[in-house]
Amino acid sequence: MSSEPITVLHNRRIILGVTGSIAIYKAVDLASKLTQAGALVDVIMTASAQRFVAPLTFASVTGRPVYTTMWATDAGALPTHIAHVGLGEGADLLVIAPITAHTIARLAHGLADDLLAVTALAARCPVLIAPAMDGGMYAHPATQDNLATLRARGVIVIEPEEGRFASGLIGKGRLPETHTLMGHIRRALGRGGALAGQRVIVTAGGTREPLDPVRVLANRSSGKQGYALAQAALDAGADVTLISTVSVLPVPVGATFVVVETAAQMLDAVLQHLSGADALLMAAAVADYRPSAVAAHKLKKTDQTAKTRTLTLVRTPDILSEVRDQRARTGWPRVVVGFAAESEDLLRNAQEKLQRKGLDLIVANDITAPDAGFAVDTNRVTLLDAQGGVEPLELASKARVAEQVIARVARLLEKRG
Ligand code: CTP
């Protein structure tokens with residue numbers, strides 16, 4: 001995993017509150033990953049949290065002091081003059097992960113009996129909590145009522161996951177993995193970004209056209225650039241629908257995920273989500289042809305001696321052309337972005353597609369370059385717009401490329417008013 005800073009987290013001040021749950025070991029990883037992503041993480045530990053993990057562990061991964069008490073005479077305390085407004089002042093986000101049933105109750109009732117509770121009362125930034133406890137405790141009406149109170153006050157509650165507890169019991173109450181927690185944190189920090197309130201559709205991955213029950217015609221698209229675009233749009237505050245073929249990649253937290261297989265299914269899904277969408281980014285590698293028929297049974301070698309076999313292929317629908325026609329009638333989506341992966345005549349081919357498909361922007365990449373294109377984590381692209389603008393971007397991670405494309409989309413949407 002690359003430790004490149006994550007823009008939406010970079011230099012943001014995050015207070016990470018941790019409470020007494022065995023799930024605290026995951027919070028150490030969270031603190032580490034947030035720090036690697038460029039966030040400034042101040043950890044506040046409750047007394048019971050310190051029975052599971054030493055403050056030194058968090059200080060080691062964050063490189064910053066860890067706060068353990070309100071009382072200025074003790075090590076790990078804040079200077080007295082700020083003890084009451086606490087760390088909340090100037091913080092971008094307060095995350096409490098894991099939060100126990102006890103601390104949920106303390107927050108719901110406004111108790112201020114330790115530094116974490118005081119900070120939660122004083123904080124004016126968004127508050128995100130991730131409950132972790134035994135399934136019975138989580139389901140108990142006392143906990144659920146307290147969570148409802150907190151939700152009504154605007155606290156963002158990350159649903160615990162189902163699974164096996166340390167006790168050996170199975171139920172709902174497990175702290176989600178770091179990737180999921182990071183996704184929720186990114187979403188909370190991205191609120192109010194350049195795409196806040198905008199609906200964005202992203203397609204990703206390569207379509208697969210079945211030939212028989214075991215075989216498909218596929219392509220080499222990994223979906224990485226499309227998933228990075230969905231994440232960048234989420235980081236910018238958009239409401240994102242990701243229409244993708246099956247992928248091993250984790251779905252970005254907060255995206256509405258629609259799985260498709262073929263070009264025809266992708267067309268249906270795109271058209272279904274199009275009305276009211278502000279932007280469509282067609283990063284998927286859509287098959288241009290499919291087998292003319294799908295055999296009901298596995299195709300056998302008909303002639304044991306034949307050296308060749310001919311497949312008849314028929315055209316699939318061109319999704320962007322259908323979108324162009326629908327947009328001409330309805331005005332939606334307001335911005336359409338296409339992608340052109342080419343192995344020759346990059347700019348000429350991309351320019352031609354931009355015009356033919358009625359796009360506002362096309363992201364062109366030369367798939368013969370070893371550091372760009374399918375499966376690798378970097379990309380080297382050129383952005384071509386409908387006004388004739390040509391902007392080559394430097395070689396960068398797919399995440400950075402995605403951010404730049406999303407920034408262009410935000411500017412285009414702004415122009416359209
Ligand atoms: N695309 C689409 N529907 C298709 C094929 C492609 O909407 N049936 C979209 C892709 O998602 C991409 C853009 O069109 O955003 C360009 O895709 P590409 O495969 O490069 O273009 P084609 O129109 O298929 O042109 P060619 O195969 O001749 O290069």
Side-chain angles (χ1 to χ4, degrees), residues 201-230 240-252 255-275 277 280-327 329 332-333 336-344 349 352-353 356-359 362-363 365 367 373-376:
I201 303 173
V202 180
T203 66
T207 57
R208 305 197 310 164
E209 306 297 331
L211 180 57
D212 70 13
V214 290
R215 301 180 181 96
V216 293
L217 284 188
N219 61 62
R220 292 186 195 277
S221 171
S222 63
K224 283 184 178 173
Q225 188 62 74
Y227 277 57
L229 285 159
V240 175
T241 300
L242 175 60
I243 300 173
S244 173
T245 54
V246 173
S247 167
V248 292
L249 302 171
V251 177
T256 301
F257 190 56
V258 180
V259 185
V260 295
E261 186 175 26
T262 64
Q265 288 170 0
M266 187 169 275
L267 173 68
D268 283 350
V270 168
L271 294 182
Q272 202 188 322
H273 289 88
L274 215 54
S275 90
L280 168 69
L281 291 99
M282 274 295 298
V286 185
D288 292 325
Y289 296 93
R290 63 174 172 78
S292 57
V294 184
H297 297 286
K298 185 182 167 195
L299 293 173
K300 308 298 276 181
K301 291 187 278 296
T302 43
D303 177 351
Q304 293 297 336
T305 59
K307 288 272 187 284
T308 62
R309 176 161 185 156
T310 305
L311 280 180
T312 306
L313 303 178
V314 294
R315 282 291 300 269
T316 55
D318 189 277
I319 301 174
L320 280 175
S321 300
E322 303 262 352
V323 169
R324 181 199 54 213
D325 296 348
Q326 176 148 330
R327 186 191 192 191
R329 290 193 303 273
W332 302 102
V336 181
V337 181
F339 291 74
E342 306 288 344
S343 58
E344 54 183 5
N349 277 322
E352 183 273 323
K353 283 176 191 171
R356 175 162 48 91
K357 300 189 184 221
L359 307 174
I362 192 157
V363 182
N365 72 335
I367 51 168
F374 300 130
V376 294

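When side chains are defined from C-beta on, V240 does not count as touching P252, because their heavy atoms never get closer than 4.5 Å. Side-chain contact between P291 and L211 is present, with at least one heavy-atom pair separated by less than 4.5 Å. The shortest distance between side-chain heavy atoms of L299 and R309 falls below 4.5 Å. Using a 4.5 Å heavy-atom cutoff, the side chains of E261 and V246 are not in contact.
Remark: side-chain polar atoms of T245 are paired, donor with acceptor, to backbone N or O of G206 under 3.5 angstrom. Under a 3.5 Å cut-off, the side chain of T312 and the backbone N or O of S292 do not form any donor-acceptor pair. Using modelled atom types, one side-chain atom of T203 and one backbone atom of A283 make a donor-acceptor pair closer than 3.5 Å. Without hydrogens or angle criteria, T316 side chain to A287 main chain gives a donor-acceptor distance under 3.5 Å. A donor-acceptor distance shorter than 3.5 angstrom exists from the side chain of D212 to the backbone of V214, with no hydrogens or angles considered. In this structure, the side chain of E209 does not engage the main chain of Y289 through any donor-acceptor pair within 3.5 Å. Here the side chain of N349 pairs a donor or acceptor atom with the backbone of E344 at under 3.5 angstrom. In this structure a side-chain-to-backbone donor-acceptor pair under 3.5 Å is missing from R290 to T262.
Distance check: I362 CD1 to K353 NZ gives 6.5 Å after rounding to the nearest 0.5 Å. The structure places OG1 of T256 at 7.0 Å from NE2 of H273, a figure rounded to the nearest 0.5 Å. Rounding to the nearest 0.5 Å places CG of L359 at 10.5 Å from CG of L281. Here the CG atom belonging to L267 is positioned 5.0 Å from the CD atom belonging to E322, to the nearest 0.5 angstrom. Rounded to the nearest 0.5 angstrom, D325 CG and D318 CG are separated by 10.0 Å. To the nearest 0.5 angstrom, Q265 atom CD is 10.5 Å from R208 atom CZ.
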- [ ] Please test V336 against M282 for side chain to side chain contact (heavy atoms under 4.5 Å, CB included), starting from the C-alpha separation and ending with a verdict.
- [x] CA-CA 8 Å; V336 181; M282 274 295 298; 5.7 Å; no
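In this structure, R324 and R356 approach most closely via the heavy-atom pair NH1-O, 2.5 Å. Heavy atoms only, all atoms of each residue included: P213 and A295 are closest at CD-O, 3.4 Å. Nearest heavy atom pair, residue A204 against residue G223, reads CB-O, 4.1 Å. Of all non-hydrogen atoms in A277 and I201, the two that sit nearest each other are CB-CD1, 3.7 Å. Closest approach of L242 to A255, counting heavy atoms only: CB-CB, 4.5 Å. When all heavy atoms of V286 and M266 are compared, the pair lying nearest together is CG2-SD, 4.1 Å.
Looking at residues two or more places apart in sequence or on another chain, you find no side chain to side chain donor-acceptor pair (under 3.5 Å) involving T207.
Of the listed residues (V337, I319, L320), just one forms a side chain to side chain contact (heavy atoms under 4.5 Å, CB included) with L280, and that residue is L320. Just one residue in the list V258, V202, L274 forms a side chain to side chain contact (heavy atoms under 4.5 Å, CB included) with T241, and that residue is V258.
Around atom CZ of R220, no more than 12 heavy atoms belonging to other residues, nucleotides or ligands sit under 6.0 Å away.
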